[in-house]
*Asks:* 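One structure is given below, represented as structure tokens, and several questions about it will come after.
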Protein chains: 2
Amino acid sequence: MEEGLVVIPKATVSRLPLYLQALTEYDHLGITLVSSEEIAQKLGITSSQLRKDLSYFGGLGIRGAGYDVACLLGRIKEILGMQKKRRLAIIGAGKLGTALAGYRGLQQHGLEVKALFEIDKGKIGTAIAGVPVYPLAELHAQTARLGLEIAVLTVPAAAAQKVADLVVEAGFKAIWNFAPIRLEVPENIIVQYEDLVAGVLTLVHHLSRKLG
Amino acid sequence: MEEGLVVIPKATVSRLPLYLQALTEYDHLGITLVSSEEIAQKLGITSSQLRKDLSYFGGLGIRGAGYDVACLLGRIKEILGMQKKRRLAIIGAGKLGTALAGYRGLQQHGLEVKALFEIDKGKIGTAIAGVPVYPLAELHAQTARLGLEIAVLTVPAAAAQKVADLVVEAGFKAIWNFAPIRLEVPENIIVQYEDLVAGVLTLVHHLSRKLG
DNA sequence: TAGATTGTTAATCGATTAACAATC
DNA sequence: TAGATTGTTAATCGATTAACAATC
């Protein structure tokens with residue numbers, strides 16, 4: 001079982017947050033043991049798929065009984081890399097940036113929003129949802145000082161590439177990009193795209209297929 | 001070429017918003033003709049994949065030349081069902097709901113935010129980003145009156161299922177769900193999940209795989 | 001042991017891609 | 001015609017699922 005050689009399919013990784021979601025709920029309800037069939041029904045997938053996904057991480061279940069909720073929850077958090085706290089900075093203190101700064105879901109998953117960066121002088125020096133707002137010019141200095149790792153891009157599409165360049169230069173390791181644009185970054189930088197418009201357009205497509 | 005019988009792969013549909021993004025940019029830049037290779041490089045996919053995807057919608061390109069930007073853009077908008085304007089309501093006027101109410105990207109894609117629904121009496125009767133805030137109790141009445149079709153759920157996870165039930169009962173046809181929970185709804189209701197935590201956790205996974 | 005559910009296999013299904021004939 | 005790029009084929013690759021032996 002050599003860690004480095006285990007190849008986890010992309011499709012499996014993409015479902016781990018879903019499993020985390022379901023297991024967290026069972027945990028809160030005080031349920032300590034669940035079958036693959038129960039979890040699968042809750043999530044609208046097949047139990048085969050769930051068992052296959054979990055099998056990549058070794059035998060986590062108990063034959064004849066099911067899965068121990070606490071145990072599985074811990075293992076999934078471990079696989080997702082949630083043991084270690086990560087420090088984020090939000091670039092762009094507009095509506096979306098402000099909303100994310102105060103979003104409790106991040107804190108709950110070990111993600112600490114440590115700084116906001118802006119060019120609007122009216123906002124610089126204030127605090128939004130308890131997070132200090134710095135001038136964009138201080139990006140490099142504050143990144144080192146605060147140990148920032150993940151940059152959340154909530155700037156207009158037209159500015160996104162330039163800001164991405166600054167973020168890379170400042171030493172960030174990953175970008176969570178809300179701007180509806182593909183970024184060009186060095187290949188050692190991790191980019192996660194979060195295009196809200198793409199999501200709702202998929203919905204619109206299904207809607208018009210159904211209703212015309 | 002019978003419209004009703006064309007089966008478009010899910011993977012292809014999921015990439016259409018991406019193509020829309022790239023083509024809109026070419027259009028704004030005044031570029032009228034692009035090759036599959038150019039678009040593919042911009043988006044970080046193979047040109048084969050792009051041509052295969054587009055082939056499901058009939059011959060849209062010009063052999064030896066490439067694709068006419070305006071023509072292709074129009075066709076993709078058509079396929080995504082963007083000709084018709086859609087009316088949305090945001091349920092939950094918290095930080096995220098407020099941010100989405102003022103998000104220009106929705107308007108730009110023919111999505112009109114017509115109403116916000118809340119239980120907080122302090123917000124009811126006011127307008128947020130020009131959108132009137134109604135009490136949740138008026139959901140049914142206003143849905144019919146305003147011709148609302150898509151409900152955007154920006155309520156806490158604990159309230160999401162109950163609100164979803166109300167939304168279905170009120171006559172909405174689709175739900176864009178930001179609450180980190182799977183919803184149980186009748187099968188004629190379209191649900192698009194937009195789990196922000198899932199997105200950032202995927203990023204954290206890649207980050208910890210790379211850095212430990 | 002009897003009942004239940006996992007972990008795994010093997011078949012099936014769907015998506016991606018290289019290659020090239022068609023054709024502008 | 002010569003050059004270029006599409007649309008399509010067929011091979012490859014990866015993901016899903018039904019079925020069942022393993023085992024609690």
*Asks:* Looking across every strand, which nucleic acid part, if any, lies under 4.0 Å from Leu54(B) by heavy atom: base, sugar-phosphate, or nothing?
*Replies:* nothing
*Asks:* Among dT5(C), dT17(C), dT6(D), find the nucleotide with the atom closest to the side chain of Ser36(B).
*Replies:* dT6(D)
*Asks:* At 4.0 Å (heavy atoms only), tell me whether Lys52(A) reaches a base, stays on the sugar-phosphate, or touches nothing.
*Replies:* base
*Asks:* Do Lys173(A) and Glu149(A) sit within salt-bridge range, that is, some charged N less than 4.0 Å from a carboxylate O?
*Replies:* yes
*Asks:* Among dT5(C), dT17(D), dT16(C), which nucleotide has an atom closest to any side-chain atom of Thr46(A)?
*Replies:* dT17(D)
*Asks:* Taking any strand in view, what nucleotide pairs with dA19(D) in a Watson-Crick or G-U wobble way, both distances under 3.5 Å?
*Replies:* dT8(C)
*Asks:* Output yes when a side-chain donor or acceptor of Tyr67(B) lies under 3.5 Å from a complementary backbone atom of Ile39(B), and no otherwise.
*Replies:* no
*Asks:* Considering the options Val185(B), Ile150(B), Ile189(B), Leu139(B), which one meets the side chain to side chain contact (heavy atoms under 4.5 Å, CB included) requirement together with Phe172(B)?
*Replies:* Leu139(B)
*Asks:* Looking at Ala93(A), is its backbone amide N or carbonyl O close enough to the side chain of Glu118(A) to form a donor-acceptor pair, meaning the two atoms are under 3.5 Å apart?
*Replies:* yes
*Asks:* Is Tyr67(B) near enough to dG7(D) that one of its side-chain N or O atoms lies under 4.0 angstrom from OP1 or OP2?
*Replies:* yes
*Asks:* Any base atoms under 4.0 Å from Ser48(B), or only sugar-phosphate, or nothing? Heavy atoms, all strands.
*Replies:* base
*Asks:* Kindly point out which of dC20(D), dA15(D), dT5(D) is positioned nearest to the side chain of Arg51(A)?
*Replies:* dC20(D)
*Asks:* Between the side-chain atoms of Arg63(A) and the base atoms of dT5(C), is any donor-acceptor pair under 3.5 Å?
*Replies:* no
